[in-house]
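Written below as structure tokens is the structure these notes are about.
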Amino acid sequence: MKIRIYPKSLLEAVWQQDKLLFTPEAEQPPLCLRCGQPLNRRLMVNALSRYADVHICEACGMDEALRDANHCPLPLEEWAAVKNGLAEDLPDCEEVLLTTVCSFENLFQQGSRPASEVAYSRSDYDGWKWWTTWHQCQKDKPVLEAAREIDAFQNALFELPELQNLDTLARLCRCHAQPTSDPTEFNLFSETAYFHIWLRLITRHQDYNVYVHYYLKD
Ligand SMILES: [Zn+2]
């Protein structure tokens, strides 16, 4: 299983195509994915984004730097390329996406502990490595394939460079996660064949930092 962060992965896929136009100058430069204005013809005059592995225009590079200093980056969902429907061109791949949009909010109508929750994991980072404990929420163990999917998701999640340590996690939260009313808590959502998945991310030191809740689909 491969997990991608949406829409970061999408922007990077588009950029892989766009950057081919620079040889090293582009006759018809592609549009800045962030603001929609044309990039400079010369690749090197443009700026490397701090939030995705793509080049953006000089003005956007300055804006990112300013916003970064104020800890209020422009969410990738607000980038021109995403707002202009790039998302619809998403190849339907087998990759599992982490997104800021919860497609299963109805589950929480019965309360914060939906009956379909099979298990959750709780992980903390001690400065060297992650420590994880598991909590089974139902009497019966999930069927083997579903259990395997939990394992695969969990392994792929902690292989992400964004989950290397607490600093990278905090950066992921700032740039790519859904904020909450608590500035140290964030959400991300995902979906696999068997599960809806809620990631609750907490950037406080000496606390639990990653909760992964697995809700069995109907
Ligand atoms: Zn721009």
Side-chain angles (χ1 to χ4, degrees), residues 1-13 51-52 73-79 82-83 85-124 130 132 134-135 137-138 142 146-164 166 168-204 207-218:
M1 187 185 292
K2 189 110 187 149
I3 298 179
R4 300 258 183 227
I5 297 159
Y6 176 88
K8 178 174 183 267
S9 56
L10 183 62
L11 291 164
E12 288 172 348
Y51 303 106
L74 185 70
L76 294 190
E77 282 82 0
E78 298 291 316
W79 282 33
V82 179
K83 285 207 290 198
L86 192 75
E88 277 124 55
D89 300 335
L90 186 69
D92 75 329
C93 46
E94 314 232 324
E95 287 168 355
V96 173
L97 299 177
L98 293 180
T99 77
T100 56
V101 180
C102 180
S103 62
F104 47 93
E105 259 165 15
N106 57 329
L107 280 187
F108 299 102
Q109 277 163 5
Q110 317 131 5
S112 61
R113 293 260 146 189
S116 59
E117 182 164 10
V118 168
Y120 71 90
S121 70
R122 192 171 67 176
S123 307
D124 67 287
W130 291 99
T132 296
W134 283 94
H135 302 264
C137 306
Q138 295 184 0
R148 282 196 181 131
E149 206 177 71
I150 291 178
D151 277 345
F153 184 87
Q154 198 81 11
N155 289 339
L157 181 68
F158 282 92
E159 272 168 21
L160 285 173
E162 287 81 0
L163 267 87
Q164 210 186 331
L166 204 48
T168 59
L169 178 74
R171 187 170 171 76
L172 168 74
C173 288
R174 272 204 312 282
C175 309
H176 304 296
Q178 180 193 63
T180 69
S181 54
D182 183 326
T184 59
E185 295 197 16
F186 300 82
N187 298 314
L188 279 173
F189 306 94
S190 191
E191 185 176 349
T192 57
Y194 281 95
F195 297 101
H196 291 299
I197 301 168
W198 171 34
L199 277 75
R200 187 173 156 230
L201 307 171
I202 297 152
T203 57
R204 298 185 293 270
D207 203 337
Y208 291 107
N209 304 115
V210 179
Y211 288 82
V212 188
H213 296 268
Y214 293 88
Y215 308 103
L216 196 62
K217 291 180 180 172
D218 291 336

Check this for me: [X], atom [atom1], are more than 12 non-hydrogen atoms of other residues, nucleotides or ligands nearer than 6.0 Å?
X      : atom1 : answer
Tyr208 : OH    : no
Arg204 : CZ    : yes
Glu105 : CD    : no

Is a side-chain donor or acceptor of [X] paired with a backbone partner of [Y] at a separation under 3.5 angstrom?
X      : Y      : answer
Gln138 : Glu117 : yes
Ser190 : Leu97  : yes
Asp124 : Thr132 : no
Asn209 : Ile202 : yes
Glu149 : Thr192 : no
Ser123 : Trp130 : no

- Any idea how Tyr211 and His213 line up, ring-wise: parallel (<30°), tilted (30 to 60°), or perpendicular (>60°)?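 Aromatic pair Tyr211/His213 classed parallel.
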- Message: Please verify the inter-ring angle class for Tyr51 with His176; under 30° counts as parallel, over 60° as perpendicular, anything in between as tilted.
- Response: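 Aromatic pair Tyr51/His176 classed perpendicular.
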- With the side chain counted from C-beta on, respond yes when Trp134 and Gln154 share a heavy-atom pair under 4.5 Å apart, and no when they do not.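 They are in contact (side-chain heavy atoms under 4.5 Å apart), so the answer is yes.
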- Query: Hey, does Tyr194 have a side-chain heavy atom less than 4.5 Å from the side chain of Arg148?
  - Reply: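 No, side chains not in contact.
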- Message: Please report whether the ring centroid of Tyr215 lies less than 6.0 Å from that of Phe108.
- Response: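 Between Tyr215 and Phe108, which both carry aromatic rings, the centre distance is below 6.0 Å.
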I need the minimum non-hydrogen distance between [X] and [Y], along with the two atoms involved.
X      : Y      : result
Arg174 : Pro73  : O-CG, 3.6 Å
Val96  : Phe153 : CG1-CE1, 3.8 Å
Met1   : Ala152 : CE-CB, 3.8 Å
Phe195 : Val118 : CE2-CG2, 4.0 Å

- Between the side chains of Glu95 and Ser9, does any donor sit under 3.5 Å from an acceptor?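 Result is no, nothing qualifies.
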- Message: Using the rule given for salt bridge (charged side-chain N to carboxylate O under 4.0 Å, His left out), can you reason through Glu162 versus Arg171, listing the C-alpha separation, both sets of side-chain angles and the distance that settles it, and then say yes or no?
- Response: CA-CA 8 Å; Glu162 287 81 0; Arg171 187 170 171 76; over 6 Å; no
